[in-house]
Amino acid sequence: MPHRHEPPPLTPVFVYGTLRRGGSNDIARYRPAPRFVGEAFIAATLLDLDTYPGAVLGGTARLRGEVYRITPEVEAALDLLEDVRADGTDEYLRRKVDVEVDGVRLPCLVYELHPARVAGRPVIASGDWFDAPGARRDFIRRN
């Protein structure tokens, strides 16, 4: 009997900034193509870092985003994009957060802004990156 290779498990990821549909780093451009699960909100504060956002998890603010299922290859590419490093000098930290999508709770990977990079950053009160001045600057720069 031939040996079947199981496909690698897909990791759910919550994206809230430039990786969202229509963003400058739209996750749909990665291969193998991420599978869209749905839109969702998590408890987090959204910060404007000029042409991209950062999030601080927890609190009472709501952060809007999208959930996708991704392969290990795409996860590694996102780690590079988000500047995740083993030496602690990261721009973002990998976190796991339970996210509810259409009544189902999924343990999602979320990239949280490193605490050393939070001070002085303006809060995006709506919790939606596409409402922020930085998103508009990024859109204008790309078009």
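Computed from a predicted structure; not experimentally measured. We're numbering straight along the sequence, starting at 1.
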Kindly indicate, with the supporting measurements, whether the criterion side chain to side chain contact (heavy atoms under 4.5 Å, CB included) is fulfilled by K96 and T11.
-> CA-CA 11 Å; K96 283 282 186 174; T11 300; 4.0 Å; yes
Closest approach of D98 and P107, non-hydrogen atoms and distance?
-> OD1-CA, 3.5 Å
More than 12 non-hydrogen atoms from neighbouring residues, nucleotides or ligands closer than 6.0 Å to CZ on R35, yes or no?
-> no
Start with the C-alpha distance between I27 and V13, add both sets of side-chain angles, then the distance that settles side chain to side chain contact (heavy atoms under 4.5 Å, CB included), and finish with yes or no.
-> CA-CA 10 Å; I27 198 167; V13 61; 4.2 Å; yes
Closest approach of E91 to E82 (non-hydrogen atoms, all atoms of both residues) | CB-O, 4.0 Å
Is there a donor-acceptor contact under 3.5 Å linking the side chains of D79 and Y111?
-> yes
Indicate whether the side chain of T89 and that of D87 have a donor and an acceptor atom separated by less than 3.5 Å.
-> yes
With no hydrogens and no angle check, is any side-chain donor or acceptor of R117 less than 3.5 Å from a backbone partner on Y92?
-> no
Treat each ILVMFWY residue as a node, draw an edge where side-chain heavy atoms are under 4.5 Å apart, and state whether L10 and V37 are in one component.
-> no
Measure the shortest side-chain to side-chain distance between R21 and D26 over non-hydrogen atoms and say whether it is less than 4.5 angstrom.
-> yes
Within one Ile-Leu-Val-Met-Phe-Trp-Tyr cluster: L109 and V84, side-chain cutoff 4.5 Å | yes
Stepwise side chain to side chain contact (heavy atoms under 4.5 Å, CB included) check, H114 with R85 | CA-CA 11 Å; H114 193 289; R85 302 180 194 168; over 6 Å; no
Heavy-atom pair with the smallest gap, counting every atom of L63 and F14 = O-CZ, 3.7 Å
Closest approach of G65 and R20, non-hydrogen atoms and distance?
-> CA-CD, 4.2 Å
What heavy-atom pair brings V74 and P34 nearest, and what distance separates the two atoms?
-> CG1-CG, 4.3 Å
Heavy-atom closest pair (L46 atom, W129 atom, distance to 0.1 Å) is CD2-N, 3.4 Å
Working to the nearest 0.5 Å, report the span between CD of E73 and CG of L78.
-> 11.5 Å
Shared hydrophobic cluster for L49 and L93 (ILVMFWY, side-chain gaps under 4.5 Å) | no
L106/R69 under side chain to side chain contact (heavy atoms under 4.5 Å, CB included): CA gap, chis, key distance, verdict = CA-CA 10 Å; L106 294 172; R69 290 188 183 274; 3.4 Å; yes
Distance col, row L57:CG vs I42:CD1, nearest 0.5 angstrom, shows 5.0 Å
Flag yes if F41 and V104 sit in one hydrophobic cluster, no otherwise; membership is Ile, Leu, Val, Met, Phe, Trp, Tyr, and two members link when side-chain heavy atoms are under 4.5 Å apart.
-> no
Side chain to side chain, Y30 and L81, heavy atoms closer than 4.5 Å | yes
